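A short write-up of the structure that comes next.
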Amino acid sequence: MTTGVSLEHDKTGAQHCHYAREDSNNTFSVMFRTTPMDSTGVPHILEHTTLCGSQKYPVRDPFFKMLNRTLATFMNAMTASDWTLYPFSTQNQKDYENLMSVYLDAVFFPQLRELDFSQEGWRLEHEDPNNSESPIIFKGVVYNEMKGVFSDSLNIFMQAVQNKLMPNHTYGVISGGDPPAITDLTWQQLKDFHHSHYHPTNSKFTTYGDLPLERHLELINGNYLEKFDRINIDTRVPLQQRWSEPRAARITCPHDPTASEKQTIVSASFLLSEISDVFESFTMNVISTLLTDGETSPFYQALLEANIGSDYAPLTGYQEQMKEAVFSVGLRGIHSDDVDKVKDIITATFDKVISEGFDQKNIDALLHRLELGLKHQARNFGLNMALNLASVWNHDGDPMLALQINNHITRFRQAMADNPNFLQDKVKEHFKDNQHCLVTTMEPDKDFEEGRTKEEAERLKRHVSQLTTSDCKNIFDTGKKLLEKQMSPEDLDCLPTIHLHEIERGIKPEPVETIELGGVPVQKCEAPTNGVSYLTMISNLASVSDDLKPYVPLFCNVITKMGAGDYDYKSLSQDIDLYTGGLSAGVHVKAHHTDDNTYEQGLMFSSYCLDRNLEKMLGLWTDVFTRPDLKDNERFLTLVNMTAAEMSSSIVNMGHSFAISHSRAGLTPTGFLQEQFGGMTQVELLNSIVGGEQESVFKVVDQMEKIGKCLLNKSNLRVAVNTTPESMGTTLRSVEGFLSSLPGDNSSSNFLTKDTEYKVTESQTQFERPFSVNYMGKSFLTVPYTHEDFPRLRVLAKLMWAKFLHREIREKGGAYGSGAVCSDGVFSLFSYRDPNSLKTLEVFDEAVKWLCRGDYTHGDVDEAKLSVFQETDTPVTPGKIGMTRFTGGVTDEMKQTMRDQLFQVSKNDVTTVALRYLKKGQRSNAVSFLGPANESVQEDKKWKIIKN
């Protein structure tokens, strides 16, 4: 149960909401309404720059320094269209107070140094800061971040819709920054924006968890708010002036040479009511979900099942992040000739809904999902609540009222009872009769990227041409000064920290028991699941032939969406929503904790439901396992198109993950399978399927049926159940009945595959993509989880990032992010939205040399250990307790051994494993990256370049 308190600070007018709940993962956030009137990205760059040093903590970048001095379960800062939020969460009270102090000093008393503005925002600097003869170019973290953001055509579309639908005020500009406009922002403008927006009078505080409110108020007021007085400040966003007739907009985007020719997007967007009316927002959210979500929704049937596009257009659904809500619906991946057809379908679908209404079963299913959502315990509840309430509170809505979901449901039911046409009337009011409608069409332009490159070159030329000799000298001197600042050692004693001796030496046990039901091993875990039962099953993939395995991820995406038993896919979808939180299937590949050439490969099926619906949920799984219907070719085509579109669109935001995956593929058997199932290899397979003739797509159905015969049985099946002690007996009896209904004979207790013939291969690969930035990945072959060097490598990874990669790749190189990851048998380095490519690979090499030299302190190693404990001590939700053991075989005893070894890691240990595994020539390694055409790579025969 959560108890909320809403307060206002007498002296400044600052607002504070506290949510008391028996949850040790306490959350804090401070938010400011930030309303820019241009696209220079001033709130975004200010968000970065406030975290670069403050009055009490005058070190360079205390935010990133604190990542290694805390046990935070979350730390970040984020800029939306009209607010900036600084949240964190932690389970440790001292840590909570440490982080609160750092955050509040950063936002209220930042140093906002010009050099930090240059580093984080933008600057003119020599390509080589040590060489005044090298070309002058644009640099800056946010500048390169936003170039990366707008490398994604979907982001271009979403931004254009917002700007054109609400052009009159702050929503008509790009708060994150448009690269051509970012280079107009001055340091003084940044400081002015802070002065006008980052004041307690314009602030909103959120605290959540089991720590006392009185202590929070004491710290916030005593250290910060009492130093300010209330001021006259008005950052309110005015209502958008409504249109008298609908409008249309046409924009262009980069052409993707790796995709089909159907790359057009069209969408209709409607401006709705103010989000501060929380019941109206609840109602429109329900209506929007009924319109678009699930196989039985009107727009799913009318748009997606027409198979003229690959998936919904971006922003489809209800958006309540701005002062007035927006509903959009449309299609992506269509032929330009089909734009009018899509527009006609949208109009006809609204007319049909107004005439016929919604299926009552769909309404019941949606209300059930809301009820289940109130009981299902998601990870980091407090943080999610703060984020979900940010926009309504930002526009002076009542966050306490917004949380009263049960009251909204009751009122909603009553409104439907009072007026049987309640929903149809709303649809007519907000869509049919709403003249504030924008139809946006985006088409690919093969010259788009060339034009963007030309614009940047011309803009740079204009800037450089205006420089005097004195300006040029100042640019060189400033570049050297920034470089010296980035390289200079700092005294970090002013920063608060958690010490290793303050961390619990023991793990939190996760008691589970494995029993056998009908010959199937079942792991049971009694946990406080709040009346919800969780079911996880893994069916071993070893019996699936190698030629079928590439199609397994596609099988996962269709098996619960094609119909089963007496259900067609529409009625199956309805009952899944009516009785469960969803039936999901995904590929599971996990290396053995002791041998990298041994692994488990399987399909993981998972679902959860209210205890009262357990039999219904198991009945649905029975139909999926015993009578799947894979014969509907048109339905299959729809799902294939959606799967391919979703995976392709994820590349630009997860490019580093794809790079790492591909670089691991030649080093271990699990790396090979993970790349085949979820990397660029899978992207290429899906694109080849959807790019072919429809008949070839339909032939893949045969592969699906063959895979189903191998996996949809209880042969080589494992099960895990999490529920309350009171429900466990009933749950196990039901699960036993479900297992007895499945075909197969679970005669094997060996769920592992050992690959004794696997051969390690090294490679250098570039995936040439139409991006403005690069995503780099390099991996080394190392050791499995239980090896004594594994904890040392985990510490090394955190140390390498914090003390070398972050400085060289982000601060000096201008990339948005970088990192090092130690996983099953492989150690990986990466960069994200990086303006550099081969230069970053050189940084990777230099990082290894730095580690081998031991150019770091014992204190640095202790900080790296804290970062590892941050990960290991992340709260586990009741539905996930025991899953580490179930999915990877890692027992509590193994976790305790790992913890003991982490505490013992020394500086010498770190140097030793760097020499042993990362030093050139010691271990096999591979490099992969995604990025634009690269002349140096093209000229080097060692590289393999993949263009499609």
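Values in this document were obtained by computation on a predicted structure and should not be read as measured data.
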Looking only at atom types and distance, does a side-chain atom of [X] sit under 3.5 Å from a main-chain N or O of [Y], one as donor and one as acceptor?
{"X": "D277", "Y": "S273", "result": "no"}
{"X": "T441", "Y": "V266", "result": "no"}
{"X": "T731", "Y": "S727", "result": "yes"}
{"X": "N530", "Y": "K375", "result": "yes"}
{"X": "Y312", "Y": "Y300", "result": "yes"}

Side-chain heavy atoms of [X] within contact of [Y], under 4.5 Å:
{"X": "L686", "Y": "V690", "value": "no"}
{"X": "Q162", "Y": "L315", "value": "no"}
{"X": "T536", "Y": "N722", "value": "no"}
{"X": "I345", "Y": "I308", "value": "yes"}
{"X": "T874", "Y": "R379", "value": "yes"}
{"X": "F157", "Y": "T440", "value": "yes"}
{"X": "L403", "Y": "T2", "value": "no"}
{"X": "M322", "Y": "I275", "value": "no"}

Salt bridge flag under 4.0 Å for residues [X] and [Y]:
{"X": "K343", "Y": "D340", "result": "yes"}
{"X": "R411", "Y": "E280", "result": "no"}
{"X": "K361", "Y": "D575", "result": "yes"}
{"X": "R733", "Y": "E615", "result": "no"}

**OP:** Check the pair T622 / F738 against side-chain contact (heavy atoms from CB on, under 4.5 Å), numbers first and verdict last.
**Re:** CA-CA 7 Å; T622 300; F738 159 67; 3.2 Å; yes
**OP:** Give a yes or no on whether the ring-centroid distance for H376 and Y534 is below 6.0 angstrom.
**Re:** yes
**OP:** Provide the full list of ring pair (Phe, Tyr, Trp, His ring centres under 6.0 Å) pairs with a residue in residues 418-440, sequence neighbours left out, each pair given once.
**Re:** W243-H436, F270-F431, F327-F431, F350-F431
**OP:** List the steps and the verdict of side-chain contact (heavy atoms from CB on, under 4.5 Å) for L271 and Q240.
**Re:** CA-CA 9 Å; L271 190 61; Q240 168 66 43; 3.8 Å; yes
Subject >> Approximate separation, where rounding is to 0.5 Å, of L739 CG and L618 CG >> reply: 8.5 Å
Original post:
How long is the span from the CG atom in L639 to the CD atom in E634, to the nearest 0.5 Å?
Top reply: 11.5 Å
Original post:
Given R612 and E371, is the salt bridge (Lys or Arg N to Asp or Glu O under 4.0 Å) satisfied, shown in steps?
Top reply: CA-CA 13 Å; R612 69 172 187 260; E371 179 189 0; 3.1 Å; yes
If you look at every heavy atom in [X] and [Y], which pair is closest and at what distance?
{"X": "M647", "Y": "S650", "value": "O-OG, 2.6 Å"}
{"X": "V719", "Y": "L535", "value": "CG1-CD1, 3.6 Å"}
{"X": "H408", "Y": "A402", "value": "NE2-O, 3.8 Å"}
{"X": "S29", "Y": "A386", "value": "OG-CB, 4.3 Å"}
{"X": "A313", "Y": "S267", "value": "CB-CB, 3.9 Å"}
{"X": "D82", "Y": "H395", "value": "OD2-NE2, 2.6 Å"}

Original post:
Would you say E646 has more than 12 foreign heavy atoms packed within less than 6.0 Å of its CD?
Top reply: no
**OP:** Assess whether atom CG of D418 is packed by more than 12 heavy atoms of other residues, nucleotides or ligands within 6.0 Å.
**Re:** yes
Can a donor-acceptor pair be found between the side chains of [X] and [Y] at a distance below 3.5 Å?
{"X": "N307", "Y": "T638", "answer": "yes"}
{"X": "D623", "Y": "Y567", "answer": "no"}
{"X": "S571", "Y": "D568", "answer": "yes"}
{"X": "S533", "Y": "D611", "answer": "yes"}
{"X": "Q321", "Y": "W83", "answer": "no"}
{"X": "Q301", "Y": "T296", "answer": "no"}

**OP:** Could you list the residues that satisfy side chain to side chain contact (heavy atoms under 4.5 Å, CB included) with L387, not counting sequence neighbours?
**Re:** M78, L85, L383
**OP:** Find out whether the Lys NZ or Arg CZ of R21 is both under 6.0 angstrom from the six-membered ring centre of F381 and within 45° of the ring's axis.
**Re:** yes
[X]: which residues meet the salt bridge (Lys or Arg N to Asp or Glu O under 4.0 Å) condition with it, sequence neighbours left out?
{"X": "E274", "answer": "none"}
{"X": "D632", "answer": "none"}
{"X": "D433", "answer": "K428"}

Subject >> Evaluation steps, salt bridge (Lys or Arg N to Asp or Glu O under 4.0 Å), between D566 and R627 >> reply: CA-CA 8 Å; D566 294 331; R627 293 194 293 162; 3.5 Å; yes
Original post:
Could you give all pairs that pass the salt bridge (Lys or Arg N to Asp or Glu O under 4.0 Å) test and reach residues 300-321, with sequence neighbours left out?
Top reply: none
Subject >> Qualifying salt bridge (Lys or Arg N to Asp or Glu O under 4.0 Å) pairs with a residue from residues 288-301, counting only residues at least two apart or across chains >> reply: D293-R369, E295-R635
Subject >> Option passing side-chain hydrogen bond (donor to acceptor under 3.5 Å, both in side chains) with S89 (candidates T73, T27, N384) >> reply: T73
**OP:** Sequence neighbours left out, what pairs pass side chain to side chain donor-acceptor pair (under 3.5 Å) with at least one residue falling in residues 347-360?
**Re:** D351-K432, D359-Q574, Q360-D364
Run the ring-ring contact (aromatic ring centres under 6.0 Å, His included) test against [X] and tell me which residues pass, sequence neighbours left out.
{"X": "Y171", "result": "none"}
{"X": "F605", "result": "W621, F625"}
{"X": "H18", "result": "H216"}

Original post:
What's the verdict on side-chain contact (heavy atoms from CB on, under 4.5 Å) for L291 and V329, showing C-alpha distance, side-chain angles and the deciding distance?
Top reply: CA-CA 9 Å; L291 284 169; V329 64; over 6 Å; no
Subject >> Partners meeting side chain to side chain donor-acceptor pair (under 3.5 Å) with S328 (sequence neighbours left out) >> reply: S269
Original post:
Checking side-chain contact (heavy atoms from CB on, under 4.5 Å) against L366, which of D577, I287, N285, L290 comes through?
Top reply: L290
